[in-house]
Amino acid sequence: FLGIWNPEFGEVVARSPSLASSVYSATAATCSVAAGRLSFVLGLQGPCSSIDTACSSGLVASHGGLRALQMHECTAALALGVNMIFSQAAAVATAMAGMTSPRGRSHSFDDRADGYGRGEGCHAAVLQLSGDGDTPGLSILGSCVRQDGKSASLTAPNGQAQQALLRAALADGGVEPAALSAYEAHGTGTPLGDPIEVRSLAAAVLAARAPSPPLCVGSLKANCGHAEPAAGLAGLLRLAAGLLEAQAPPNAQLRRINPHV
């Protein structure tokens, strides 16, 4: 289950006569073949799909793997997210749309939030049903995928939809809000998105926790940028590493909290 988008490697192939004449050139930049190639190399014959849901691609890939396990479509699932930057085109387009930060950093929850800084990533997680393997790991208790539906614009978050997502994920895992200790946020570092996400978290989770201990909230994007289709899975792995070590990694860009947060 591979989260991937915008195959910029296609531009590299087009610019290189040696690559363009290769027998692999027709499929080198095809997202659908990217997942198939991995199954081919590893000899996997279970469900295989490339998933493009923009920034949530890696997380939706892990959701697909989890559901395939629960439906007994496979005995183990490989969830992946990848983002490699080979071209200026996407950077120019996102900058013109006002999505990226002129400073080149994701100032998550910070007063300087002005867009996100792009980043690269290649991440993978092996999912198994409990008791299927001897390798120590963490349990994914629940998962949920939703869409904002109608909102102010295509990229503007819908707070009510976010609250519904959080409540549904907790219900799917049979987890009470008071049991949470850490929250890996989307936290892109945008002046609009960060406050809406935190308010959604406050309404759906924090309001039901009082007087529980504080909830550690962070975003990997502040530390190494927004890996776009790989970002969600990267955040999941960062959260897993923190839980294993009983630590909450700091927000590298936080100087003064956004007053709207």
Side-chain angles (χ1 to χ4, degrees), residues 1-38 49-61 79-124 148 151-157 185-194 197 219-238 251-254:
F1 297 85
L2 172 64
I4 186 172
W5 74 358
N6 193 24
E8 295 182 357
F9 188 67
E11 295 187 35
V12 177
V13 172
R15 292 195 303 264
S16 171
S18 60
L19 289 174
S21 61
S22 165
V23 67
Y24 301 107
S25 62
T27 57
T30 307
C31 289
S32 59
V33 177
R37 277 195 168 141
L38 290 169
S49 60
S50 296
I51 297 162
D52 178 3
T53 56
C55 306
S56 63
S57 299
L59 276 182
V60 175
L80 309 101
V82 62
N83 189 47
M84 301 297 291
I85 300 173
F86 293 104
S87 165
Q88 299 181 41
V92 171
T94 51
M96 290 179 64
M99 298 165 65
T100 49
S101 167
R103 298 185 178 96
R105 295 286 186 273
S106 295
H107 297 96
S108 305
F109 312 118
D110 190 88
D111 193 32
R112 296 170 295 165
D114 58 358
Y116 70 85
R118 299 187 73 208
E120 295 182 312
C122 183
H123 316 288
D148 271 354
S151 59
S153 70
L154 179 67
T155 58
H186 186 46
T188 52
T190 59
L192 175 67
D194 286 3
E197 182 176 13
S219 173
L220 179 63
K221 298 175 183 67
N223 297 48
C224 57
H226 186 355
E228 295 162 331
L233 188 56
L236 178 63
L237 294 176
R238 197 277 279 264
N251 180 334
Q253 303 300 330
L254 192 60

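Predicted model, so just to flag it, every value in this text is computed and none were measured.
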Taking the side chain as every heavy atom from C-beta outward, state whether [X] and [Y] have any pair of such atoms under 4.5 Å apart.
X: Asn83; Y: Trp5; value: yes
X: Asn6; Y: Glu228; value: no
X: Asp114; Y: Ser101; value: yes
X: Leu192; Y: Pro157; value: yes
X: Arg118; Y: Met99; value: no

Using modelled atom types only, decide if a donor and an acceptor are shared between the side chain of [X] and the backbone of [Y] within a distance under 3.5 Å.
X: Thr190; Y: Gly193; answer: yes
X: Ser153; Y: Ala156; answer: yes
X: Ser57; Y: Pro229; answer: no
X: Thr94; Y: Thr100; answer: no
X: Ser16; Y: Val13; answer: no

Roughly how far apart are [X] [atom1] and [Y] [atom2], rounded to 0.5 Å?
X: Ile4; Y: Asp52; atom1: CD1; atom2: CG; value: 9.0 Å
X: Gln253; Y: Asn223; atom1: CD; atom2: CG; value: 7.5 Å
X: His123; Y: Leu220; atom1: NE2; atom2: CG; value: 7.0 Å
X: Arg112; Y: Ser106; atom1: CZ; atom2: OG; value: 11.5 Å
X: Ser56; Y: Ile51; atom1: OG; atom2: CD1; value: 9.5 Å
X: Asp110; Y: Asn251; atom1: CG; atom2: CG; value: 7.5 Å

Exercise. Passes salt bridge (Lys or Arg N to Asp or Glu O under 4.0 Å), Glu197 versus Lys221? Steps please.
Worked result: CA-CA 15 Å; Glu197 182 176 13; Lys221 298 175 183 67; over 6 Å; no
Exercise. So which heavy atom on Phe109 is nearest to which on Ser219, and how close?
Worked result: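 Closest approach of Phe109 to Ser219: CE1-CB, 4.3 Å.
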